[in-house]
Each structure stands twice: as structure tokens, then as C-alpha cells.
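Here the structure comes first, spelled out in C-alpha cells, and everything after it is commentary.
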Amino acid sequence: MGFTIGGMREIRSGTRSGARVGARRRGRSSDCTAVAEFTGLWGWDVVPGARVAAGGGDCSCGRAECAAPGAHPLEFASEVRAGSTLDDVTRAWAEHPGAAVMLPVGRAFDVLEVPEAAGRLAVVRLERMGLPVGPVTVTPEGRAQFFVAPGAAAELPELLYRMGLDDVGAAAARPGAVRALGAGAYVTAPPSDRGGRGAVRWLRHPALESAAGLPAARLLLGTLAYAAHRSPCP
């Protein structure tokens, strides 16, 4: 069976314990549906990620001194590659029940990140100007993450320099600065929880016309820098 958005069967139960089991299964089904959408529709690789209980706690990776509890890929989990079907995803996720959904950066996309308030302002301004906007997520830490064409992380210092930000190092160190994530980084994808702080949410959901051709960083950077300057730091 290939991927269909409505392909999951709803699980019902008349007993309280059955309802809890049904809820857990629906949660797993929701994760699998989201992953299959990423792999099948948008062509993104996906990696099962670690989780922690709500409010914090030990990381599911099992390391006592984990540097990023609930916010990193599981080292022992295999990637679910772009093009995988819903059946493929369901089998892979059954090996790591409850895993977070994480996306490797630097392949199909890079990420430009700003404070959430700046991101919301930037989306409005970009749409008013008719500029392309790809998918955008909001993290529970208060960051907006703009999915852009690969290469943004490598290009950012030069692009900032061209915008007149001569002291690129100092600019990047500011809490409200535009930051870039590239190859080797991972982002947590909706609807997964991140580090027990809450779920990552879509500010702008992927669309067929944008996911296949993400905007170049240079088209967004001026507006993101302006919004980051105007908005209070998180």
C-alpha cells in the first residue's frame, strides 16, 4: 500500500484501558502519517529522534549526560529515506515507538532561524511583497525556522556582508540575529515534542509549489534581518 493521507484506520475501544491504547495508536498513526507526507510528498529524509517526558527528565537515548535531551536523532535508528511509503514508515516507526520526528538539514533544504516574533512579522511582510515563502516552523523555545534552498548556511556570511553587516561574527552572536542551519544539523518537525517543552508547530505548512522549489536565502534575508532588528529578542 502506498501513502494516502487518509489511509490510517481509526481505532476505537469501549473500555477505558482500550481507549488509552487507542489513543496511543492514534498518536503513532499521526506520527507515521506526518513522516510519510514528508518522505512521499516533499521528498525529505526523516530520522527517528529522542524524547523526554513533558516538563523534562532523562533522554530516551539512555545517556546520563546527554547534551541535548529530547532534541537529537537516535544514534541506533535508521533513516527513513525520501520516497518511502506509509507502509515503509509504519514498519520503521514500529521499531522506535514514541520517537520524535527529525529532519536532516543540508540535503533538501537549509534553515534560516530568527526569534518567533520576528518570524511572524517576516511572513506577513514577505507575503505582502509577493516574495516566495517556503515552510516555516515555530519551536517551543520561541524560534521561527524558515526552510530555504540548500546552501544557505554556507552563503550566510557573504550575504550578510553584502547587506552591510561588516562585523558578521558580532552580528551572529546577538540573540535576535538571523542564524543558519546547514549540513550536519537536524530540526524537530511537527507534530513532535522538543525536549519536553512542547510541540513544534507549523507557522506556514509545506505546499506542493514551495516544497519542490524552496526559496533562495537571499530572497528572504533582508526581510528576516529587518524583522529580527524590529522585534524583541526572546
Side-chain angles (χ1 to χ4, degrees), residues 38 42 44-45 49 67-68 71-73 101-190 192 194-195 197-207 209-234:
F38 297 150
W42 317 132
W44 299 342
D45 298 331
H72 66 84
V101 178
M102 303 203 74
L103 307 175
V105 185
R107 302 179 187 178
F109 59 85
D110 277 10
V111 167
L112 294 179
E113 183 183 276
V114 294
E116 180 179 347
R120 292 184 179 278
L121 174 60
V123 167
V124 172
R125 291 181 62 86
L126 289 165
E127 290 178 341
R128 284 178 178 172
M129 291 186 289
L131 292 174
V133 184
V136 185
T137 61
V138 173
T139 74
E141 296 95 335
R143 306 292 292 180
Q145 298 179 325
F146 288 70
F147 289 41
V148 294
E155 298 169 356
L156 185 61
E158 177 65 20
L159 292 173
L160 290 173
Y161 179 82
R162 291 179 183 178
M163 292 175 59
L165 297 175
D166 295 340
D167 192 352
V168 173
R174 294 198 315 269
V178 181
R179 300 170 186 167
L181 303 177
Y186 293 82
V187 294
T188 304
S192 290
R194 181 170 174 83
R197 301 178 183 89
V200 178
R201 310 180 311 279
W202 288 114
L203 178 57
R204 200 172 190 279
H205 198 279
E209 64 272 15
S210 65
L214 295 173
R218 59 180 175 80
L219 298 178
L220 309 185
L221 189 55
T223 301
L224 288 176
Y226 168 84
H229 177 72
R230 290 288 303 272
S231 301
C233 296

Q: For the residue pair P215 and V133, establish whether any side-chain heavy-atom pair is separated by less than 4.5 Å.
A: no

Q: Report yes if the side chains of W44 and R107 come closer than 4.5 Å at any heavy-atom pair, otherwise no.
A: no

Q: Measure from the side-chain N and O atoms of S192 to the backbone N and O of V101, and report whether any donor-acceptor pair falls under 3.5 Å.
A: yes

Q: Please report the shortest heavy-atom distance between A108 and L214, naming the atom on each side.
A: O-CD1, 3.7 Å

Q) Tell me, do E113 and L181 make a side-chain contact under 4.5 Å, heavy atoms counted? A) yes

Q: Taking only Lys NZ, Arg NE, NH1 and NH2, and the carboxylate oxygens of Asp or Glu, determine whether R218 and E158 approach each other closer than 4.0 Å.
A: no

Q: Might you point out which heavy atoms bring A217 and L159 nearest each other, and give the distance in Å?
A: CB-CD1, 4.2 Å

**Q.** W42 and H205 aromatic ring geometry - parallel, tilted or perpendicular at 30°/60° bounds
**A.** perpendicular

Q: Hey, could you give me the OG1/CG distance between T223 and L121, rounded to the nearest 0.5 Å?
A: 9.0 Å

Q) Pick from V138, T137, V187: which one makes a side-chain contact (heavy atoms from CB on, under 4.5 Å) with V200? A) T137

Q) Between E116 and R143, does at least one N-O distance fall below 4.0 Å, as a salt bridge requires? A) no

Q) If you take all heavy atoms of V111 and V105, which pair is closest and at what distance? A) N-CG1, 3.9 Å

Q: Identify the heavy atoms of P140 and A199 that sit nearest to each other, and give their distance.
A: CD-O, 3.9 Å

Q. Does some side-chain heavy atom of T139 sit less than 4.5 Å from a side-chain heavy atom of T188?
A. no

Q) If you look at every heavy atom in P190 and F38, which pair is closest and at what distance? A) O-CZ, 3.6 Å

(Q) For the backbone of G151 and the side chain of D110, can you confirm whether one donor and one acceptor N or O come within less than 3.5 Å of each other? (A) yes

**Q.** Straight-line distance of E155 CD to L160 CG, nearest 0.5 Å
**A.** 11.5 Å

**Q.** Short N-O contact, E127 and R204, less than 4.0 angstrom
**A.** yes

Q) Minimum heavy-atom separation for A144 to G119, with atom names? A) CB-CA, 3.8 Å

**Q.** From CG (L126) to CG (L224), nearest 0.5 Å
**A.** 6.5 Å

**Q.** Sidechain-backbone polar pair: R179 side chain, L112 backbone, donor-acceptor under 3.5 Å
**A.** no

